[in-house]
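The chains referred to below are lettered A, B, ... by the order of the sequence lines, with proteins before strands, and numbering in each begins at 1. Only this structure's heavy atoms are used, side chains among them; waters, hydrogens and symmetry mates stay out.
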Amino acid sequence: MSEANSHCLVIVIDDDVQVRDSLANLCRSVDLPVEAFSSTSEFLSRDRPDAPACLVLDVRFPGSAPSGLDFQRELVGMGNPLPIIFISGHADVPMAVQAMKQGAVEFLMKPVREQALLDAIRYAIAQDRKRREEQRLFASVHSRFKSLSEREREIMFLVARGLLNKQIAAELGVSEVTVKVHRGSAMRKMQAASLADLIRMSDRLNGSFALGEPADAKA
Amino acid sequence: MSLSHSGANHPSEQAAKTAAVLWTPYRYFIPIVAVGTATGITYLLDLIAPEGQNQFLFFVAVIVSAWFAEAGPGWLSVVLSIVSVDYFFLPPIYVLDLSVKDLPWLIAFVGCAAATNWLGLKRRRMEERLVQAHNELEQRVNEQTQELREANQRLIAEMADRARTEAALRETQNELARAARIMTVGELTSSIAHEINQPLAAVMSNAEAALNWLQRDPPALVMVKESVAGIIAAGGRASDIIVRIRSLIKRGPPDLVKLSINEVVDDVLATARVGFKTHNVMIEQHLEPALPAMSGDRIQLRQLVSNLLNNAAEAMADVFDRPRRLVVCTKRTPGNGIAITVEDVGIGFAGADSTRLFQPFYSTKAEGTGLGLSICRSIAEFHGGKISAVSNHPYGVVVCVELPAARS
């Protein structure tokens, strides 16, 4: 467990000082690093440590502060998709459905069972770790991809589509030798160990279109 | 107020009876007796003074008959007198020879009887009118008495009615107040559940954390202690919430006792202080010693003070740029009453209408029930007092409750 705990962070946001402190205490008692905040704005005003993290959040916030669900939407909009574990005082089904639809990890009822909460926290942190890894991989692939020339990019995507050198040459109206040279240089620049590796990288780049990263190569 | 009905009618009934006796045929005995008597006395007078004009007694007989027995007997007495005078006293004596020499007597008797009749008639008319007037007056008095009595009864009925209505109204008001409280409780069940759930969640998490700390090798006793302290604080809070709900839905007549308002404030402060400390609220208290005792319901007054304190503390929840200072004072008012004031440095009315503050379901807080201050108002008014709020300079609000002192 401790290897998983090292280098992660649980963020507890609850306006109730007793609840907040008790949740933080519980996390600390199982060696989970934890930070507690009394409001979402207080949380946002701090720098986030660079570590896999998850949020433990009360669905409802009294007063003018946005509700937990609003805050979840806000975080997604900011491109900051921290996994969220919601805690609610009520068995509010529509609210739970909404939270899960918006990508919450877990929707727990107060008072929370220790095991359920800790499981959810571990799952959320694992998820965040995976997401961060994914993000890191993408970032490195993307930076390598950026170093390719226009022609190398074109050839890389055509290769990934399964076209032979001959077919690529015909499609682009260049000689097969030229295709071979560009393909070799693309493989090198992308640090692809094999063709399969290059195809995976291409997929990763294509898959990130949704994130708004323009990695397009029109045929 | 009450007038005797039977007593009022008694004299006129008696008069009517007398009249009935006079109007019977027996009254014709009166002229016979009167003329007979006059004849006897005149006869005796003639024996004593033969030269005197002794027949004047017949006039008396005619007058008496006409006066007391009225017209018919009057004329009978005239006839009897003429006969008697002519027979016994006018020569030739003991001979009934009506002739011209009797004419003066006849005229005198007739005139006398007519005059007496006329007078008697007038008298009777007057009497009748008097009786009638008397009766009318009596009737009017009776009518008015009756009216008065009826009005009186109506008034009594109305008073009873009003008392009943007022009692019903009071009952309804109590019911309504209770219904409002219970409805509110019903409406707020979810938020009460939330309120209870908060400390409960804290208890559970702290307890589980304490177990975890204990299972360490070596056990982290400092952290165990901290966790247990958290459990105790949360437990205390849960029980406070229960007490609050209980007092909210408590039914039953208020229990009025002589009490010291300072004691009430002290009691509330003793339990509230811990909670306020965790919210960084500093409490200052200025309780005037030797305040007059007041008569009130201890639980209600505690609720009043506790609501005021909570309200003030909640108003300062969003205050970070200045100390959260709460001042509670008691003092004597000029009219020998008692005033409790609670000052905060919170958000103040924030544009809210200060007159609406004490209305039910009016709240400046997003999650406020709008009941705290309205409950305060009903408690204050129940104790014959009043509640008001003014802006505190430069921040916050001063709420003042004035209560009357107990009558010694």
May I ask you to check whether over 12 heavy atoms, not counting those of B:H286, lie within 6.0 Å of atom NE2? yes
Closest contact, heavy atoms only, B:N197 versus A:P111: OD1-CD, 3.3 Å
Max heavy-atom pair count under 4.5 Å with chain A, selected residue of B:A220, B:S205, B:S227, B:A210: B:S205
Just how far is it from atom CG of A:L26 to atom CG of B:N206, taken to the nearest 0.5 Å? 8.5 Å
Might you point out which heavy atoms bring A:Q18 and B:A234 nearest each other, and give the distance in Å? OE1-CA, 3.4 Å
Selection residues 386-400 of chain B - residue pairs positive for salt bridge (charged side-chain N to carboxylate O under 4.0 Å, His left out), sequence neighbours left out: none
Mind ranking B:N212, B:I231, B:L200 by heavy-atom pairs under 4.5 Å with chain A and telling me who comes out on top? B:N212
Taking B:R216 for the side chain and A:S29 for the main chain, is one N or O donor matched with an acceptor at less than 3.5 Å? yes
Tell me, side chain or backbone of A:R113 under 4.5 Å from chain B's heavy atoms, or both, or neither? both
Quick check on A:D47: does its CG atom have over 12 non-hydrogen neighbours (other residues, nucleotides or ligands) under 6.0 Å away? no
Any idea which of A:L23, A:D21, A:N25, A:V19 has the most non-hydrogen atom pairs under 4.5 angstrom with chain B? A:N25
Choice from B:M204, B:E226, B:Q215, B:E208 maximising heavy atom contacts with chain A below 4.5 Å: B:E208
Grab the two heavy atoms, one from B:Q198 and one from A:D14, that are nearest each other, plus how far apart they are. NE2-OD1, 4.0 Å
